[in-house]
Amino acid sequence: MLYKIAHIIRDKFSWLWDIIEYLNSFLFNIRYGKKLENVDFKNIPEGYEVTPINAIETKRMVEFFACQPEDAFKFFHPHGFDEKSIKKLQKSKAFLAYILVQDQNIVGYIFLRCFFNGKCFRGKMVDFQHRGKGVGKILGSIANEIAFGIGLKMFATVSPDNIASFASTKAVNEIRIIKRMPNGDYFIEELPKSE
């Protein structure tokens with residue numbers, strides 16, 4: 001129900017959505033801003049770099065999304081991919097997004113859309129030229145280090161048809177299926193993997 005209301009507000013009352021986003025960003029930063037300073041990406045394989053989205057030129061992010069084939073967006077449409085949308089995300093303190101770079105090239109994108117109540121929603125995209133090379137697992141590890149490192153509960157929606165995404169998620173997390181969405185996707189909670 002809350003999910004439905006949020007989409008109605010976002011789609012029909014964008015001015016109200018902007019106010020809600022601003023307040024959430026402000027409150028999230030008060031509650032978690034200091035904790036974020038202590039996040040350390042220690043499980044990144046050699047040859048890769050992690051960079052926050054706000055440290056990347058907006059144009060470069062727009063080009064990354066524009067270079068992806070149409071099938072990359074079949075299961076991934078969490079926000080706009082134009083310059084205005086990316087700039088807005090780069091300014092938000094509650095939208096924690098990072099890119100994974102290898103040899104100066106963006107090979108993956110991970111984000112946590114966070115809420116001041118201690119929950120976050122995770123999304124990721126692997127560059128089409130780097131699929132099947134373990135990039136999805138690295139992105140999942142980055143999300144884990146952030147979310148679990150600062151004490152957030154992490155959620156996502158995953159299509160059962162998106163086999164690669166489901167597999168990379170299961171490789172780094174325990175999954176608890178909360179419910180099946182009307183479109184067939186699973187709404188899941190991602191939990192730390194038990195040793």
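Residues take their numbers from the sequence shown, with the count starting at 1. The figures here come from the full heavy-atom set of this structure, side chains too, leaving out hydrogens, waters and symmetry mates.
Note that the CZ atom of F95 and the CZ atom of F111 stand 5.0 Å from one another [nearest 0.5 Å]. Within the model, atoms OG of S141 and CD1 of I44 stand 7.0 Å from one another, a figure rounded to the nearest 0.5 Å. Atom CD1 of I142 sits about 7.5 Å away from atom CD1 of I138, to the nearest 0.5 Å. To the nearest 0.5 angstrom, R113 atom CZ is 9.0 Å from F121 atom CZ. To the nearest 0.5 angstrom, I53 atom CD1 is 5.0 Å from I86 atom CD1. Distance check: K119 NZ to L152 CG gives 11.5 Å after rounding to the nearest 0.5 Å.
Under the 4.5 Å side-chain heavy-atom criterion for Ile, Leu, Val, Met, Phe, Trp and Tyr, L23 and W15 are members of the same hydrophobic cluster. Two different hydrophobic clusters hold I163 and V158 under the rule that ILVMFWY side chains link at heavy-atom gaps under 4.5 Å. Two different hydrophobic clusters hold L96 and M61 under the rule that ILVMFWY side chains link at heavy-atom gaps under 4.5 Å. The hydrophobic clustering, which links ILVMFWY residues whose side-chain heavy atoms are closer than 4.5 Å, places I19 and W17 together. When the side chains of ILVMFWY residues are joined at heavy-atom separations under 4.5 Å, either directly or via intervening members, V50 and F148 end up in a single hydrophobic cluster.
Partners of K87 according to the salt bridge (charged side-chain N to carboxylate O under 4.0 Å, His left out) rule, which considers only residues two or more places apart in sequence or in another chain, are E83. The ring pair (Phe, Tyr, Trp, His ring centres under 6.0 Å) test applied to Y22 returns no partner, not counting sequence neighbours.
Judged by distance alone, the side chains of K74 and S159 never bring a donor and an acceptor atom under 3.5 Å apart.
No side-chain heavy atom of F81 sits under 4.5 Å from any side-chain heavy atom of Q68. Under the 4.5 Å side-chain criterion, counting only non-hydrogen atoms from C-beta, F41 is in contact with I146.
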Which is it for M181 and Y186 under the side chain to side chain contact (heavy atoms under 4.5 Å, CB included) test, yes or no, and what are the steps along the way? CA-CA 6 Å; M181 305 293 282; Y186 292 113; over 6 Å; no
Run the numbers on V126 and L139 for side chain to side chain contact (heavy atoms under 4.5 Å, CB included), then give the verdict. CA-CA 8 Å; V126 175; L139 294 173; 3.9 Å; yes
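The list of side-chain hydrogen bond (donor to acceptor under 3.5 Å, both in side chains) pairs with a residue in residues 131-140, not counting sequence neighbours, reads D71-R131.
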Could you give the side-chain donor-acceptor pairs of residues 169-176 under 3.5 Å, partners two or more places apart or in another chain?
| unit_1 | atom_1 | unit_2 | atom_2 | d |
| --- | --- | --- | --- | --- |
| T169 | OG1 | R122 | NH2 | 3.4 |
| T169 | OG1 | S165 | O | 2.8 |
| N173 | ND2 | N144 | OD1 | 2.9 |
| N173 | ND2 | L191 | O | 3.2 |
| E174 | OE2 | S194 | N | 3.4 |
| E174 | OE2 | S194 | OG | 3.2 |
| R176 | NE | E189 | OE1 | 3.2 |
| R176 | NH2 | E189 | OE1 | 2.8 |

Quiz: residues 24-40 side-chain donor-acceptor pairs under 3.5 angstrom, not counting sequence neighbours:
| unit_1 | atom_1 | unit_2 | atom_2 | d |
| --- | --- | --- | --- | --- |
| N24 | OD1 | F116 | N | 3.0 |
| N24 | ND2 | C114 | O | 2.8 |
| S25 | OG | K93 | N | 2.8 |
| R31 | NH1 | F116 | O | 2.7 |

Return a table of donor-acceptor pairs under 3.5 angstrom between the side chains of residues 98-109 and protein atoms on other chains or two or more places apart.
| unit_1 | atom_1 | unit_2 | atom_2 | d |
| --- | --- | --- | --- | --- |
| N105 | ND2 | D103 | O | 3.3 |
| Y109 | OH | H79 | NE2 | 2.8 |

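By the 30° and 60° cut-offs, the orientation of the rings of F76 relative to F65 is parallel.
Other residues, nucleotides and ligands contribute at most 12 non-hydrogen atoms within 6.0 Å of the CD atom of E49. Enclosure of atom CZ in F13 is not indicated, since only 12 or fewer non-hydrogen atoms of other residues, nucleotides or ligands lie within 6.0 angstrom.
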